[in-house]
Amino acid sequence: MTVDALEQQFRRLIRNAEHVVPEDDLLERLREGRPLRVKLGLDPTAHDVTLGWAVPLRKLRQFQDEGHTAVLIVGDFTARIGDPSGRSITRPRLSPEVVRANAEACVTMLLDILREDHLEVRYNSEWLEPLDLEDILGLTSHFTVAQMLERNDFAARFKEQRPISLIEFLYPLCQAYDSVAVKADVELGGNDQLFNLLVGRDLQQAHGQRPQIALTMPLLEGLDGVQKMSQSLGNYVSIRDRPTEMFGKLMSVPDGLIGRYAALATDLDNEGVAELEEASRIGGPRAGRAKRAMARAVVGLYHGTDAAGEAEAAFDRQFKEHQAPEEMAEATLPAGAVDGSSVYLPGVLSDLGLASSRGEARRLIAQGGVRVDGETVVDEQVQVERLRGSVVQVGKRRFVRLI
RNA sequence: GGCGGGAUACCCUAGCGGCCAAAGGGAGCGGCCUGUAAAGUCGCCGGCUAAUGCCUACGGAGGUUCAAAUCCUUCUCCCGCCA
């Protein structure tokens with residue numbers, strides 16, 4: 001490979017990265033011309049791939065495309081122990097079978113992004129399970145409490161006098177040991193993983209290995225624009241969301257995030273990203289158009305450009321022309337709800353999951369948030385004929401067709 | 001191990017015998033506005049087909065009282081100081 005080509009590969013690989021520690025070592029290893037072992041850890045309790053999680057995954061895919069080996073570490077052992085992080089109640093321990101099944105489902109989903117060649121999937125129980133206490137004490141001896149407290153969230157919790165379980169100190173060690181076990185050249189992760197990745201370097205060195213390069217990707221903010229995208233917060237887009245849903249969710253993102261999404265969740269080049277970012281700063285209709293372009297690019301990435309175009313058209317039908325969407329959930333009128341010729345609508349709404357309770361449904365109706373075939377419902381009792389075959393809408397985006 | 005403090009709805013927090021389904025803030029939801037953005041604005045925000053009604057709920061279990069989120073006992077968990 002020419003020096004130039006190498007340099008370009010290097011630029012591609014570090015593009016958008018938040019930290020590359022140390023950068024020059026990555027270039028050096030690329031020069032060796034061998035496939036690098038690029039590790040990425042996977043928590044098998046997650047069951048959906050969000051756009052946020054896709055950021056490091058897509059980076060891993062880039063490495064694959066350059067001929068390097070993706071080493072996917074399934075944290076089956078650690079999942080079995082349960083992470084007591086923060087104040088959250090200790091997760092129930094999962095049985096090995098359940099973890100395994102989850103993990104396999106996860107890996108399958110990851111193949112939406114990763115390629116099947118240049119891929120190595122490893123379960124960390126393979127090397128963590130056989131460790132005995134002596135081995136574990138040996139691992140801990142390489143680190144000090146002060147080192148552990150360097151980690152931001154530990155430092156913060158310590159300062160605020162919130163509990164830190166000892167087991168939490170062991171997690172970075174387990175993860176670091178994974179790096180030793182698979183002889184990683186590079187480990188990828190979200191930026192919140194930086195500390196753990198650096199622990200991996202130290203531990204590899206302690207085991208006489210060349211320390212891995214830690215490459216972290218920015219954490220993508222969720223739809224709310226504030227917190228990081230996560231399944232538990234419900235502010236996420238799944239890469240398996242239907243095109244229309246994906247497009248719609250992306251259109252609800254705050255303006256300030258357009259550039260960020262464009263950079264991290266699309267395959268637009270730097271100029272394209274800069275253009276959208278600029279437009280989003282200007283605001284007004286230009287920002288709206290920039291957001292559309294971003295949404296189209298994301299949907300296009302996972303569903304193809306045709307689907308993206310259709311999603312945008314469907315979006316306009318629904319929100320500019322206020323037509324019901326073409327595809328929506330269908331449901332039958334719950335039999336119990338019918339009383340003679342009229343129906344108690346709050347009961348129907350809560351049975352269909354459009355409202356969390358009958359009281360909630362009644363409130364929605366009272367506030368004018370419920371429509372049948374586009375017409376705002378005023379009364380709680382509704383004629384059966386009016387409902388049969390109708391489209392029931394709650395709020396702006398929840399639709400169900402009754403059949 | 002000793003002593004002290006604490007656990008309130010999704011989160012943070014007030015209440016400290018009846019006026020408490022529980023103040024305030026955040027999050028969330030709905031209407032208007034709009035670019036399904038932000039800001040703004042009006043409203044909702046435990047459940048029950050009306051209710052000045054009933055049920056469930058202030059960490060768990062008991063108790064005192066006509067009446068308990070509030071008092072007592074005990075258990076669990078958290079925090080602090082001392083060791």
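Chain naming here is simple, since letters A, B, ... match the order of the sequence lines and numbering starts at 1 in each. Heavy atoms only: backbone and side chains are in, while hydrogens, waters and symmetry mates are out. Because the structure is predicted, anything quoted here is derived from the model rather than measured.
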- Contact pattern, 5' to 3', of nucleotides 50-55 of chain B - B, S or - by protein heavy atom under 4.0 Å: S-----

- C1' atoms of B/C29 and B/G80, separation to the nearest Å: 40 Å

Tabulated below should be each protein N or O lying under 3.5 Å from an N or O of nucleotides 45-47 of chain B; please produce it.
from: B/G47; atom 1: OP1; to: A/S357; atom 2: OG; distance (Å): 2.9
from: B/G47; atom 1: OP2; to: A/R363; atom 2: NH2; distance (Å): 2.7

- Task: Considering only NZ, NE, NH1 and NH2 on the basic side and carboxylate oxygens on the acidic side, decide whether A/R386 and A/D373 come within less than 4.0 Å.
- Result: no

Please set out all donor-acceptor pairs under 3.5 angstrom arising from side-chain atoms of residues 251-263 of chain A, sequence neighbours excluded.
from: A/S252; atom 1: OG; to: A/K249; atom 2: O; distance (Å): 2.7
from: A/D255; atom 1: OD1; to: A/K291; atom 2: NZ; distance (Å): 3.3
from: A/R260; atom 1: NE; to: A/E221; atom 2: OE1; distance (Å): 2.7
from: A/R260; atom 1: NE; to: A/E221; atom 2: OE2; distance (Å): 3.2
from: A/R260; atom 1: NH2; to: A/L219; atom 2: O; distance (Å): 3.1
from: A/Y261; atom 1: OH; to: A/E221; atom 2: O; distance (Å): 2.8

- Query: Rounded to the Å, how far apart are A/D224 CG and B/G26 C1'?
  - Reply: 13 Å

- Checking N1-N3 plus N6-O4 or O6-N4 for Watson-Crick, or N1-O2 and O6-N3 for wobble, each under 3.5 Å, the partner of B/C29 is B/G43

- Integer-rounded Å distance: B/G30 P and A/L354 CG: 12 Å

- Message: As a test of reading the structure: which of B/G35, B/U36, B/G30 is closest to the side chain of A/L364, going by heavy atoms?
- Response: B/G30

- Phosphate contact (B/G31 OP1 or OP2) by A/R371 side-chain N/O below 4.0 Å: yes

- Does A/R398 put a side-chain nitrogen or oxygen below 4.0 Å from OP1 or OP2 of B/G30? yes

- Message: Quick one: does any side-chain atom of A/E126 pair with a main-chain N or O of A/L128 as donor and acceptor, under 3.5 Å?
- Response: no

